[in-house]
Amino acid sequence: MLFSLCYSMAKDMADISVKIKDGESLTVSASTTVKDALAQLLSGKQRKRTIAAYVGDRAVDLSAELLEDTVLIPIQIGSEEALDILRHSTSHVMAQAVRDLYGNDVKIAIGPTIENGFYYDFLRDEPFSPEDFERIEKRMAEIAAEAHPFVRQEERRLSAIETFRQQGEKYKVEILEEIEDDLISIYQQGSFVDLCRGPHLPDTSWIKDFKLLRVAGAYWRGDEKKDVLQRIYGTVFFDKKALKKYLNQLEEAKKRDHRKLGKELQLFTIQDQVGPGLILWEPKGAQLRRLIEDYWKDEHYLHGYELLYTPHIARQDLWQTSGHLDFYSENMYAPMQIDEVKYQLKPMNCPFHIGIYNSHKKSYRDFPIRWAELGTVYRYERAGALHGLLRVRGFTQDDAHIFCREDQLDEEIFNILDLNLLILKRFGFSEYDIYLSTRPEKSVGTDSHWEESTNALKQALEKKGLEYEIDPGEGVFYGPKIDIKIKDQLGRSWQCSTIQVDFNLPERFDVSYTGSDNTEHRPIMIHRALLGSLERFIGVLIEHYAGVFPLWFAPIQARILNITDDQSEYCKKVYSTLRKAGVRIEKDLRNEKLSYKIREAQMEKIPYMLIVGEKEKENGTVTVRMRDGKNLPPMSVNDFAAKVLEECQEGRGI
Ligand SMILES: [Zn+2]
Ligand SMILES: [Zn+2]
């Protein structure tokens, strides 16, 4: 302590240079705060937008003192960093409000920022109710109005442990006990103290446009054996308009929730009796899935793939050889015994495809081999992580493995990417975030293997004119990969496709071919899934389209509605004609008012309603009403069938 005092006194004497990155510089005395330095370096307008700054690559508070020559980068409203600091600061204020209202009955855990907001975890016996939310928000607004500065203090770790222990904050004590640094930082606003690295807003008055969103259960440290905490989620923005826009988007997302629509449209169900994370497809969902599968299979066949089917279980030895038992066992289900031999459910399809490869000798002339399978795999997911169709315990990957020679790698990767984008586009996705993950620290394969295959992935992306980000060191240990996230109509990103080069499995299974030189070589193996899994992809489709599916994969394309019983027989004939013509058709011949039947069909988002009264019956026609309420002139049944088939062919949506 004495040392640091002398140090700062000595520094007080000195002058230092402070420079804005790519801007002006200034000489000030040491210990000048960032705020005071910026006051001289920035215009008033710029200054008002600045809430923190980078010193080198470290973000600091405006109140931080500068002790040596520094290059500053202001963190200003409008940047992601500023929003993150606002959200982080707001989580402290939420914790303060909770502490003020509920006293020591509540223990505070952690409060990080997340995409679009923040949360804080609390231990409290009573559940937080909507009334609690109102009270907390009100108290937060008061704290904000009081404009408490966020004050940073550095403290010895051991003394901070003592302070938090006295306050009974066991989670803070636990965190501190695991930190290795001797000196830690705490922040105080008003009477509230929290452990934090910072930086924060200058004071609480910036926190105006916030909203608490929901509360959910969360285990301390995500560990099911530890305390169950209540996680309050909130969001905050620098202006009212942005907050309102986000809240509207949340409302819209709620309406599109695939679990809600899945139930309303009778697409799928999850039953406790069957087990969580296991999907039961209802007829309409099964139809939707069949249409996707049929399209997928046809498109693959057109692109030179052969289709495979493989079993759901395999001997444990197989998973030993593949390495799954050593590296993936926490995702696998316990073995079962069959005739004294242990078997396990498959978490991946790859070893089966290799089994098919190894069943016949291969020569260099056989390549490329492109094998695709809609392969159902089973992976353990924690019960708390399960989420509708998006996170399940059994799912069907749209998997494929390509075996090729080194000289074919570039072309094969390009072909995969080409097919990938074609298929995504057909489903209505044309915006992506693409990541190329390179060699991690621990990896197998030679330098030249890694270099060649990483280049092949890069070249394919560039040839397709796609922008991508490099994720350095984030490749799998067995090879580099491309990941594609698709953007939906609400601008949300969903992890979807992956293309991975693998140097590992061919070694493990001694996969080989006879080269033109008559000696044995290892082929290159590529794993890829374009939709990811059918379950997840259909979940995304439901939310993307809000259940209003394009005609070509709408499970029901049209429903026949009669006006009175007099047309029932004619309607039945129309039904069987259209069904034979390949139109996915239903009939509603109930003795209900037409307006009621139309409303129901609209709720079910059926693309076409075929209305049949006496006139249609006499003329052998149907009157076509679209799901958006527009009517088309009456047409013959055959014309309608031709219209539907033509629109599907073109992949045109209505
Ligand atoms: Zn903080
Ligand atoms: Zn694979």
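In each ligand, atom 1 is the first atom listed, and ligand 1 is the first ligand listed. Start at 1 with the first residue, then count along the sequence.
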For the aromatic rings, using the six-membered ring if either is Trp, is the centroid distance between His521 and Phe367 under 6.0 Å?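 No - the distance between ring centres of His521 and Phe367 does not fall below the 6.0 Å cut-off.
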Do Phe427 and Phe537 have their ring centres less than 6.0 Å from each other?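 When the ring centroids of Phe427 and Phe537 are compared, they turn out to be within the sub-6.0 Å range.
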Worked check of ring pair (Phe, Tyr, Trp, His ring centres under 6.0 Å) between Phe509 and Tyr357: CA-CA 10 Å; Phe509 284 95; Tyr357 181 103; over 10 Å; no
The Zn ion (ligand 1): angle it makes with ND1 (His88) and NE2 (His200), nearest 10 degrees: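 It is 90°, given to the nearest 10°.
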Under a 3.5 Å threshold, yes or no: a donor from one side chain and an acceptor from the other, between Tyr343 and Arg315?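 No, because no side-chain N or O of Tyr343 sits under 3.5 Å from a partner of the opposite role on Arg315.
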Which single N/O/S atom of His92 lies at minimum distance from the Zn ion (ligand 1)?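 Distance check against the Zn ion (ligand 1) picks out NE2 in His92.
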What angle sits at the Zn ion (ligand 2) between ND1 of His527 and NE2 of His401, to 10°?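 Nearest ten degrees: 100°.
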